[in-house]
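Just below is one structure, and these are the notes that go with it.
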2 protein chains.
Amino acid sequence: MSRKRFDDMNCGVAQALDQVGDWWTLLIVRDAFFGSTRFAQFEESLGIAKNILSDRLRKLVDHQVLSKERLDEPGNRFEYRLTEKGRDLWIVLTAMRLWSDKWVFGRDKAPLVVAEQDTGRALTALLAVGEDGKPVDPSKLEWRAGPGATSKS
Amino acid sequence: MSRKRFDDMNCGVAQALDQVGDWWTLLIVRDAFFGSTRFAQFEESLGIAKNILSDRLRKLVDHQVLSKERLDEPGNRFEYRLTEKGRDLWIVLTAMRLWSDKWVFGRDKAPLVVAEQDTGRALTALLAVGEDGKPVDPSKLEWRAGPGATSKS
DNA sequence: GACCTCAGGTTTCGTTACGAAACGCCTATA
DNA sequence: TATAGGCGTTTCGTAACGAAACCTGAGGTC
């Protein structure tokens with residue numbers, strides 16, 4: 001009767017959820033993007049219980065989304081940093097943020113704006129593109145079996 | 001001691017997780033994209049317990065991600081369909097799928113490919129663009145308070 | 001009317017996960 | 001030796017999950 005895991009589903013969505021879909025996990029990753037590196041920082045910023053934070057950090061390190069390094073500081077100190085795999089999650093976070101800006105807050109009440117440093121241009125959308133870098137039409141997409149397809153999508 | 005909800009966090013990621021971050025919820029949405037509309041279809045395709053499916057469908061309807069309509073069929077039959085808000089989640093699902101293709105399966109072992117119907121061009125990436133439709137540089141982004149900002153990001 | 005079927009749930013109950021607080025461990029400084 | 005800070009682990013009560021049994025309302029059959 002253990003909680004079902006999704007890692008046996010041959011589907012990218014299920015795999016992503018299996019690695020970062022746990023309650024709290026994506027918020028920890030978001031906090032890492034905001035600059036948190038220490039246990040106490042995550043704890044304070046999120047208001048998460050220590051045991052749960054400990055568990056989630058361990059799983060994130062196991063999945064190589066975060067790295068854990070001992071610091072050259074007095075005491076038993078560590079820092080957690082996003083790996084390249086972890087940094088690649090910014091698109092997932094951005095997609096969620098844009099969706100909420102549109103459907104939960106309303107676009108003119110967004111609590112957070114992401115903009116290019118030098119030009120100040122705000123990031124307002126994600127565009128689906130093909131290998132050639134040109135946009136594909138989202139309304140005309142179809143799902144096909146890929147090279148690693150078995151049964152379930 | 002109730003499970004913490006994120007709906008009071010003034011952050012788009014937290015809001016999205018509050019509405020669709022529950023265990024199973026995004027997989028139900030994914031199945032809806034694949035064409036499931038009936039209770040039994042979701043149940044069979046996902047292998048989810050009836051009570052949990054029932055709970056998740058109700059929440060998705062509450063949040064207007066799915067609509068529930070009675071069918072003109074004999075018996076007590078309903079269908080669940082994605083609303084516009086729900087269909088807008090395809091970017092989140094796509095971001096997760098691309099992330100897994102890269103980091104879990106490996107790009108050449110992706111179980112699923114999404115391509116444009118007429119041209120056959122595969123969707124291979126999401127591109128961040130500004131209001132002018134031109135790409136922004138992801139490595140030079142900064143987070144700013146938006147119009148609805150309060151304290152927490 | 002009495003009975004049956006089927007989709008779509010709800011109830012029940014045992015197991016697992018979560019949350020809060022207390023406690024332990026390691027390192028360093030006084 | 002004592003104390004303190006950072007980083008967890010342990011403990012324990014509550015909530016969520018999973019499986020199976022049960023219920024409900026609409027229709028069809030006799």
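Residue numbering restarts at 1 for every chain, and letters A, B, ... go by the order of the sequence lines. Values below: all heavy atoms of this structure, side chains included; hydrogens, waters and symmetry mates excluded.
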Quick one: B/Arg70 CZ to C/dA7 P, roughly how many Å, whole number? 15 Å
Looking across every strand, which nucleic acid part, if any, lies under 4.0 Å from A/Tyr80 by heavy atom: base, sugar-phosphate, or nothing? sugar-phosphate
Under 4.0 Å from OP1 or OP2 of D/dG8: is there any side-chain N or O of A/Lys68 that close? yes
Could you tell me whether A/Phe6 and B/Trp24 have their ring centroids closer than 6.0 angstrom? yes
Is A/Lys50 near enough to C/dG24 that one of its side-chain N or O atoms lies under 4.0 angstrom from OP1 or OP2? no
What is the distance, rounded to the nearest whole Å, between atom CZ of B/Phe6 and atom C1' of C/dG19? 12 Å
Restricting to non-hydrogen atoms, name the atom on B/Glu116 and the atom on A/Arg144 that form the minimum distance, rounded to 0.1 Å. O-NH2, 4.1 Å
Answer yes or no: does atom CD of A/Glu44 have more than 12 heavy-atom neighbours from other residues, nucleotides or ligands under 6.0 Å? no
Output the rounded distance in Å from CD (A/Glu43) to C1' (D/dT9). 13 Å
Report the distance from atom NZ of B/Lys4 to atom C1' of C/dC18, rounded to the nearest whole Å. 11 Å
Could you state the CZ-P distance from B/Arg3 to C/dT16, rounded to the nearest angstrom? 17 Å
Sugar-phosphate, base or nothing in reach of B/Asn51, heavy atoms under 4.0 Å: base
Rounded to the Å, how far apart are A/Trp23 CH2 and C/dG19 P? 9 Å
Identify whether any heavy atom of B/Arg56 sits under 4.0 Å from a base atom; if not, whether one sits that close to sugar-phosphate; answer base, sugar-phosphate or nothing. sugar-phosphate
What orientation do B/Trp143 and A/Phe33 show, parallel under 30°, tilted 30 to 60°, or perpendicular over 60°? tilted
If you check the A/Arg77 side chain, which of C/dA7, D/dG6, D/dG18 turns out closest? D/dG6
Nucleotide nearest B/Phe39 (side chain, heavy atoms from C-beta), chosen from D/dA26, D/dC17, C/dG9: C/dG9
5' priority, DNA chain C, between A/Ile48 and B/Leu71 [closest heavy atom]: B/Leu71
Can you tell me if A/Arg5 uses its side chain to pair, donor with acceptor, with the backbone of A/Asp18 under 3.5 Å? yes
Rounded to the Å, how far apart are B/Glu44 CD and C/dA7 P? 12 Å
Starting at CD1 of A/Ile52 and ending at P of D/dT11, how long is that distance when rounded to a whole Å? 16 Å
Report yes if a side-chain nitrogen or oxygen of B/Trp24 is closer than 4.0 Å to either non-bridging phosphate oxygen (OP1 or OP2) of D/dC17; otherwise report no. no
A/Arg38 side-chain N/O to D/dC7 phosphate OP1/OP2 under 4.0 Å: yes
As a test of reading the structure: which of D/dC17, C/dA20, C/dG8 is closest to the side chain of B/Phe78, going by heavy atoms? C/dG8
